[in-house]
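One structure is given here, and the rest of the page talks about it.
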2 protein chains.
Amino acid sequence: MTTPDLRQELQQIQTDPRIDRLVEELIGRVADKWTMLLIEILTENECCRFGELSRACTGISQKMLTQTLRAMERDGLVTRKVYPVVPPKVEYRLTDLGLGLSKAFCGVWLWAEAHHEEIAAARAAYEARQEG
Amino acid sequence: MTTPDLRQELQQIQTDPRIDRLVEELIGRVADKWTMLLIEILTENECCRFGELSRACTGISQKMLTQTLRAMERDGLVTRKVYPVVPPKVEYRLTDLGLGLSKAFCGVWLWAEAHHEEIAAARAAYEARQEG
DNA sequence: CCGCATCCTTGTGGATACTG
DNA sequence: CAGTATCCACAAGGATGCGG
């Protein structure tokens, strides 16, 4: 697995506390389950309608879907194109900014795919320890 | 900035829906603000006491700190070592698993550092559009 | 010093029903 | 089809006080 040392790169960034706060807030906004899933989906099929997203994003409620998409649009991660036809047609697609985030998330997905068994094991071990 | 194509790697993973659900759940667990911050902090200073973490992790409440650390311990991301002394002394440090996640998060941090201004701009533009 | 227990407030998110 | 609006349950999360 190819893992370059992004860590070093990160270490070298000047740390202005005010910017840190902004960045942390941004992380809080963007690092949530639905946002990550939607970005994944929109990376795989470049252009999606509301209903497609709704079906692809298993378990999400209409409300959360709308809400998350709005937030992403606001943050410039996706564009929302409305066609003035009946029945209505709305298309979502990632912006370059969103695509960048998608790439950044790849590492996390790969990590999760690679280690979910280890984590299940760790949990089992933890439970076992509690009982003893 | 060095960004290898992790995307391709990710694409090639076989997608068993059952595993996908596990992975998504894992993402939901791990992709939260406090977890990410604590991992950052524990990457920078390898070994931390409770109080240190409390101070380093600005804004976190005692409760959330304990809760998050427990969850991380349960998932095998950190170890918790208790010294039987008075006053009590407890040390936390990342496991190899936790360190791997730390690396995976680097990309997201870098992205956030690099683009927080763009996002602020996107938000401003969005607000402006709403008023018009 | 580390952390659990309790109370209480706020917000998150699901279900349902209704519109252009 | 693509939402908005409303209601409601539950859980997240802060504040405080106590205990090993």
Side-chain angles (χ1 to χ4, degrees), chain A residues 21 24-38 41-42 45 47-75 77-94 126-127 129-131, chain B residues 21 24-38 41-42 45 47-75 77-94 126 129-130:
Chain A
R21 294 244 358 246
E24 285 171 26
E25 190 199 355
L26 184 53
I27 292 284
R29 170 59 266 297
V30 116
D32 96 296
K33 186 186 171 184
W34 298 133
T35 304
M36 284 191 67
L37 256 176
L38 285 174
I41 295 168
L42 282 167
N45 354 347
C47 179
C48 286
R49 300 184 55 176
F50 188 88
E52 295 179 288
L53 291 174
S54 181
R55 263 166 276 123
C57 200
T58 324
I60 198 172
S61 67
Q62 226 187 27
K63 183 183 176 179
M64 283 314 295
L65 182 53
T66 305
Q67 211 172 78
T68 308
L69 284 171
R70 279 295 180 293
M72 290 171 72
E73 190 194 355
R74 190 175 107 91
D75 290 345
L77 301 176
V78 298
T79 56
R80 175 170 179 272
K81 182 163 189 180
V82 184
Y83 294 86
V85 296
V86 283
K89 178 177 172 182
V90 181
E91 282 178 353
Y92 294 90
R93 68 177 69 212
L94 288 181
Y126 184 85
E127 307 301 344
R129 247 177 291 146
Q130 295 317 79
E131 288 165 12
Chain B
R21 295 244 355 247
E24 284 171 26
E25 191 199 354
L26 183 53
I27 292 285
R29 171 58 266 296
V30 116
D32 97 294
K33 186 186 171 186
W34 297 132
T35 304
M36 285 192 66
L37 255 177
L38 285 174
I41 294 167
L42 281 166
N45 356 346
C47 178
C48 286
R49 301 184 56 178
F50 187 88
E52 295 178 289
L53 291 173
S54 181
R55 262 165 277 124
C57 199
T58 323
I60 198 173
S61 68
Q62 228 185 27
K63 183 182 176 180
M64 285 312 297
L65 181 54
T66 304
Q67 211 172 77
T68 308
L69 284 171
R70 278 298 179 291
M72 291 171 72
E73 190 194 354
R74 190 174 106 91
D75 291 345
L77 301 177
V78 298
T79 57
R80 176 170 178 271
K81 182 163 190 180
V82 184
Y83 294 86
V85 296
V86 280
K89 177 177 173 183
V90 181
E91 282 179 353
Y92 296 89
R93 69 176 70 211
L94 288 181
Y126 184 85
R129 247 178 290 145
Q130 296 316 80

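Not measured: the values here are computed from a predicted model. In what follows, chains carry the letters A, B, and so on, assigned in the order in which the sequence lines appear, proteins first and then strands, with residues in each chain numbered from 1.
Of the side-chain N and O atoms in Arg49(B), one or more sit less than 4.0 angstrom from OP1 or OP2 of dC2(C).
Between the side chain of Ser54(A) and the main chain of Phe50(A), no donor-acceptor pair closer than 3.5 Å is present. Between the Thr35(A) side chain and the Ala31(A) main chain, no donor and acceptor come within less than 3.5 Å of each other.
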Produce a footprint string for nucleotides 4-20 of chain C: one letter per nucleotide, 5' end first; B if the base is under 4.0 Å from any protein heavy atom, S if only the sugar-phosphate is, - if neither. B--B-----BB--B--B
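Considering only residues two or more places apart in sequence or on other chains, Arg70(A) meets the salt bridge (Lys or Arg N to Asp or Glu O under 4.0 Å) condition with none of them. For Arg80(B), the side-chain hydrogen bond (donor to acceptor under 3.5 Å, both in side chains) partners are Tyr92(B), not counting sequence neighbours.
Across the protein-nucleic acid pair, Glu91(B) atom CD and dC1(C) atom C1' stand 13 Å apart, rounded to whole Å. Leu65(B) places its CG atom 16 Å from the C1' atom of dA15(D), with the value rounded to the nearest Å. Remark: C1' of dG3(C) and NZ of Lys89(B) are 18 Å apart, rounded to the nearest angstrom.
The shortest side-chain heavy-atom distance between Lys33(A) and Glu25(B) does not fall under the 4.5 Å cut-off.
At the heavy-atom level, Tyr92(B) lies under 4.0 Å from the strands shown only through sugar-phosphate atoms.
Here the rule is side chain to side chain contact (heavy atoms under 4.5 Å, CB included) with Val78(A), and of Leu42(A), Leu38(A), Thr68(A) only Leu42(A) fits it.
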